[in-house]
Amino acid sequence: MWTLGDVFILILVLAAVGLWVQHDRFRRRALSLARQATEKADVQLLDQSVSLRRVGLGRDDRGWPLITRRFGFEFSRSGFDRYRGHVAFRGQHLTEVELDLGDPHWRHEKN
């Protein structure tokens with residue numbers, strides 16, 4: 001027979017698995033968007049990966065709480081230099097893809 005403690009632990013494990021699956025889905029989407037942005041800007045995506053840089057709480061247009069995520073990546077123009085970029089999500093929506101070269105025409109934003 002299941003005790004209340006067993007049910008609580010099962011709920012915690014299922015919640016952790018659900019959060020991990022959701023995080024992996026966002027990470028794959030961020031990697032795809034980083035690849036698209038670097039190809040469009042004719043630069044090289046380094047390490048072929050993105051990493052979670054920030055997770056926070058935000059609010060949508062109606063004031064409801066939601067999770068914000070920011071994934072970082074590095075890219076190069078020549079193969080010898082390294083620049084940073086990021087992909088940001090607010091809830092389920094993409095808010096920004098940015099390649100930071102210090103030059104405004106290298107920015108690719110979507111609101």
Side-chain angles (χ1 to χ4, degrees):
M1 199 75 188
W2 289 63
T3 66
L4 189 57
D6 294 338
V7 173
F8 182 71
I9 290 172
L10 179 63
I11 290 171
L12 285 177
V13 169
L14 290 176
V17 169
L19 286 172
W20 181 82
V21 167
Q22 185 180 37
H23 166 73
D24 189 56
R25 190 176 309 130
F26 275 101
R27 187 193 58 77
R28 289 174 188 254
R29 187 173 168 203
L31 179 58
S32 175
L33 291 165
R35 282 185 180 139
Q36 290 173 13
T38 54
E39 287 174 8
K40 185 177 179 180
D42 197 28
V43 295
Q44 178 185 7
L45 177 64
L46 299 176
D47 305 327
Q48 300 300 311
S49 66
V50 296
S51 61
L52 184 64
R53 298 282 166 94
R54 187 181 316 155
V55 175
L57 290 175
R59 297 204 177 263
D60 65 8
D61 297 334
R62 295 175 290 165
W64 289 95
L66 47 76
I67 297 175
T68 60
R69 295 172 176 86
R70 185 178 197 144
F71 291 87
F73 60 92
E74 291 186 335
F75 62 96
S76 176
R77 292 169 88 175
S78 66
F80 298 106
D81 51 4
R82 292 180 90 86
Y83 295 95
R84 292 181 183 231
H86 69 265
V87 178
F89 296 98
R90 198 168 125 210
Q92 300 289 326
H93 303 287
L94 173 67
T95 58
E96 183 178 49
V97 176
E98 182 177 334
L99 304 178
D100 185 18
L101 283 171
D103 191 350
H105 79 276
W106 285 93
R107 294 174 73 124
H108 302 280
E109 297 181 4
K110 180 178 179 183
N111 291 323

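Numbers for residues simply follow the sequence, beginning at 1.
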Output for pair (T95 OG1, R69 CZ), nearest 0.5 Å, gives 11.5 Å
List the steps and the verdict of salt bridge (charged side-chain N to carboxylate O under 4.0 Å, His left out) for R90 and D61.
-> CA-CA 11 Å; R90 198 168 125 210; D61 297 334; 3.4 Å; yes
Apart from W2 itself, residues in the same hydrophobic cluster as defined by side-chain heavy atoms under 4.5 Å | V7, L10, I11, L14
Under a 4.5 Å cut-off applied to non-hydrogen side-chain atoms, are Y83 and R77 in contact?
-> yes
Backbone of E39 reached by a side-chain donor or acceptor of D42 within 3.5 Å | no
For L12, what are the other residues in its hydrophobic cluster, where any two members join if their side-chain heavy atoms are less than 4.5 angstrom apart?
-> F8
Taking only residues two or more places apart in sequence or in another chain, which ones pass side chain to side chain contact (heavy atoms under 4.5 Å, CB included) with W64?
-> D60, R62
Under 3.5 Å, is there a donor-acceptor pair between the R70 and T68 side chains?
-> no
Would you say L66 and F89 are hydrophobically clustered, going by side-chain heavy atoms of ILVMFWY under 4.5 Å?
-> no
Would you find more than 12 non-hydrogen atoms of other residues, nucleotides or ligands less than 6.0 Å from R28 atom CZ?
-> no
Point-to-point distance, once rounded to the nearest 0.5 Å, from CG of L45 to CZ of F73 | 7.0 Å
H23 NE2: over 12 foreign heavy atoms closer than 6.0 Å | yes
Starting at CG of L99, measure out to CD of E74 and round the result to the nearest 0.5 Å.
-> 12.5 Å
Taking 4.0 angstrom as the limit, do R82 and D47 come out as a salt bridge?
-> yes
So, does S76 use its side chain to make a donor-acceptor pair with the main chain of Q44 at under 3.5 Å?
-> no
Heavy-atom closest pair, residues T38 and F75 = CG2-CB, 4.0 Å
Consider only side-chain heavy atoms of I, L, V, M, F, W and Y, link residues closer than 4.5 Å, and tell whether L33 and V55 are in one cluster.
-> yes
In this structure, NE2 of H86 is separated from CZ of R54 (nearest 0.5 Å) by 8.0 Å
How about F71 and F26: are their ring centroids closer than 6.0 Å?
-> no
Which distance, rounded to the nearest 0.5 Å, do you find between the CZ of R27 and the OG of S32?
-> 11.5 Å
Write down the atom of V87, the atom of L94, and the distance for their closest heavy-atom approach.
-> CG1-CD1, 3.7 Å
